[in-house]
Amino acid sequence: MAGRRDSNPFDDEEVNPFANTGSVPAANSRLSPLPPEPVDYERGATVDIPLDSVNDLKKREKELQAKEAELKRREQELKRREDAIARSGIVIEEKNWPPFFPIIHHDIANEIPVHLQTLQYVAFTTLLGIVVCLLWNVVAVTIAWIKGEGPTIWFLSIIYLISGVPGAYVFWYRPLYRATRTDSALKFGWFFLAYVFHIGFCVFASVAPPMIFKGKSLTGILPAIDLLSENPLVGIFYFVGFALFCVESLVSIWVIQQVYMYFRGTGKAAEMKRSARTTMMAAL
């Protein structure tokens, strides 16, 4: 019993279960240790938020809620005004033309009745036509001034341009647009009065009689013939201006005829007479 050697279960014996004793030496049988795992010392740590930051957050939250309430109030007020305007029949005209720099409100396709859209488009063409005529008039008169005709006619052509273009829109195109949109007899009457003056100016400009500075401030037929013999280039520019004014006059005459036929056909003329008679009786 004393001579028998008992095995020590706690003896540190290096045994590699993956080792191949037949081919790999025992010295190389030790497994490489795993890399140490970093200890996260901040896991579960509490974060202290300063009391001032909490107060600031609550203050901002209150400010946002106040702004939101103010926006809701303004939105309700705006909706109330829009409803009141819609009930009163007033139309808010938003500027949308030309698209790259809106300066006027213009939406024939959505606001003008279908049976009047063609007429309104042609009337709009005459508005653009007078713009082209007056711009070309400035170009031709500028060339005539360079060739020795004097600066006075150039200043007159500039006056025609800066007064004629906005005047045409305000005095006859916008009244016609609103008349066809709302079918107002009064606006039709204002259009007729202003458009007759427009046609008269176009006819006068296409002839350009020698009444104001020999008529050379307008590119009519008479100054074109006069300048053709003196300077052919200036004469050609004046002849082009004469043709533009002639086309503008003819298209404008067609427009006023069509508007008058519609005005008479819908009974607006009789309505306007009755309105004028009632106004006169009330004044007397």
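Basis for what follows: all heavy atoms, side chains included, without hydrogens, waters or symmetry-related copies. Sequence positions, counted from 1, serve as the residue numbers for this chain.
In this structure, Trp172 is not a member of the same hydrophobic cluster as Met261, with clusters built from ILVMFWY side-chain heavy atoms closer than 4.5 Å. Hydrophobic cluster membership is shared by Leu233 and Val141, with clusters built from Ile, Leu, Val, Met, Phe, Trp and Tyr side chains linked at under 4.5 angstrom. Val114 is not connected to Ile108 by any chain of hydrophobic side-chain contacts under 4.5 Å among Ile, Leu, Val, Met, Phe, Trp and Tyr, and they are in different clusters. Val138 and Phe201 fall within a single hydrophobic cluster, where Ile, Leu, Val, Met, Phe, Trp and Tyr side chains are chained together by heavy-atom contacts under 4.5 Å. Note: the hydrophobic cluster containing Phe204 does not contain Ile225 (ILVMFWY, side chain heavy atoms under 4.5 Å, direct or indirect links).
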Name the atoms and distances for all side-chain donor-acceptor pairs under 3.5 Å in residues 240-255, with sequence neighbours left out.
{"unit_1": "Glu248", "atom_1": "OE2", "unit_2": "His198", "atom_2": "NE2", "d": "3.2"}
{"unit_1": "Ser249", "atom_1": "OG", "unit_2": "Phe245", "atom_2": "O", "d": "2.8"}
{"unit_1": "Ser252", "atom_1": "OG", "unit_2": "Tyr195", "atom_2": "OH", "d": "3.3"}
{"unit_1": "Ser252", "atom_1": "OG", "unit_2": "His198", "atom_2": "NE2", "d": "3.1"}
{"unit_1": "Ser252", "atom_1": "OG", "unit_2": "Glu248", "atom_2": "O", "d": "2.7"}

Give the table of side-chain donor-acceptor pairs shorter than 3.5 Å for residues 59-68, with sequence neighbours excluded, one pair per line with atom names and distance.
none

Run the numbers on Val259 and Leu176 for side chain to side chain contact (heavy atoms under 4.5 Å, CB included), then give the verdict. CA-CA 9 Å; Val259 175; Leu176 177 63; 4.1 Å; yes

Apply side chain to side chain contact (heavy atoms under 4.5 Å, CB included) to Leu222 and Val207, showing your working. CA-CA 6 Å; Leu222 296 181; Val207 179; 4.0 Å; yes

One pair to check against side chain to side chain contact (heavy atoms under 4.5 Å, CB included): Phe239 and Thr219. What are the steps and the verdict? CA-CA 7 Å; Phe239 267 110; Thr219 55; over 6 Å; no

Asp107 and Tyr177: CA distance, side-chain angles, deciding distance, side chain to side chain contact (heavy atoms under 4.5 Å, CB included) verdict: CA-CA 10 Å; Asp107 192 6; Tyr177 187 91; 4.0 Å; yes

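Within the structure, salt bridge (charged side-chain N to carboxylate O under 4.0 Å, His left out) pairs that include any residue of residues 127-145 do not occur (at least two apart or interchain). Applying the salt bridge (charged side-chain N to carboxylate O under 4.0 Å, His left out) definition to pairs two or more places apart or across chains, those involving residues 139-156 are Glu149-Lys216. For residues 126-143, no residue pair satisfies the salt bridge (charged side-chain N to carboxylate O under 4.0 Å, His left out) rule, not counting sequence neighbours. Within the structure, every pair that satisfies the ring pair (Phe, Tyr, Trp, His ring centres under 6.0 Å) test and touches residues 133-168, not counting sequence neighbours, is listed here: Trp136-Phe237, Trp145-Trp154. Applying the salt bridge (charged side-chain N to carboxylate O under 4.0 Å, His left out) test to pairs two or more places apart or on separate chains, those with a residue in residues 153-180 are Glu93-Arg178.
Every residue was checked against the side-chain hydrogen bond (donor to acceptor under 3.5 Å, both in side chains) condition with Ser206, not counting sequence neighbours, and none meets it. For the side-chain hydrogen bond (donor to acceptor under 3.5 Å, both in side chains) test, no residue two or more places apart in sequence or in another chain qualifies with Asn96. Residues satisfying the ring-ring contact (aromatic ring centres under 6.0 Å, His included) test with Phe124, not counting sequence neighbours, are Trp97, His106, Tyr173. Under the rule for a side-chain contact (heavy atoms from CB on, under 4.5 Å), the partners of Pro98 that lie at least two apart in sequence or sit in another chain are Phe100, Ile103. Legend: residues meeting side-chain contact (heavy atoms from CB on, under 4.5 Å) with Leu193, ordered by chain and number and at least two apart, are Trp190.
Between Tyr262 and Phe188, the angle of the ring planes lies from 30° to 60°, which puts this pair in the tilted group.
Considering SG of Cys133 and CG of Leu161, their distance stands at 11.5 Å, rounded to 0.5 Å. How far CD1 of Ile112 is from CG of Leu119: 10.0 Å, rounded to the nearest 0.5 Å. We find the CD1-OG distance between Ile153 and Ser217 to be 7.0 Å, quoted to the nearest 0.5 Å. Separation of atoms CD (Glu111) and CD (Gln117) is listed at 10.5 Å; rounding is to 0.5 Å. Between the CZ atom in Phe197 and the CZ atom in Phe171 there is a gap of 9.5 Å [rounded to 0.5 Å]. Within the model, atoms CG of Asp183 and CZ of Phe263 stand 9.5 Å from one another, a figure rounded to the nearest 0.5 Å.
Under a cut-off of 6.0 angstrom, the local environment of CD in Glu94 is sparse, with at most 12 non-hydrogen atoms contributed by other residues, nucleotides or ligands.
Looking at every heavy atom in both residues, Val234 comes nearest to Ala144 through CG1-CB, 3.7 Å. Contact between Pro175 and Lys187 at its shortest, heavy atoms only, is O-CB, 3.7 Å. Minimum interatomic distance between Ala208 and Pro223 (heavy atoms only, all atoms of both residues): O-CD, 3.5 Å.
The pair Glu75-Lys79 does not count as a salt bridge, with every side-chain nitrogen at least 4.0 angstrom from each carboxylate oxygen.
Looking only at atom types and distance, the side chain of Arg264 has a donor-acceptor partner in the side chain of Tyr260 under 3.5 Å away.
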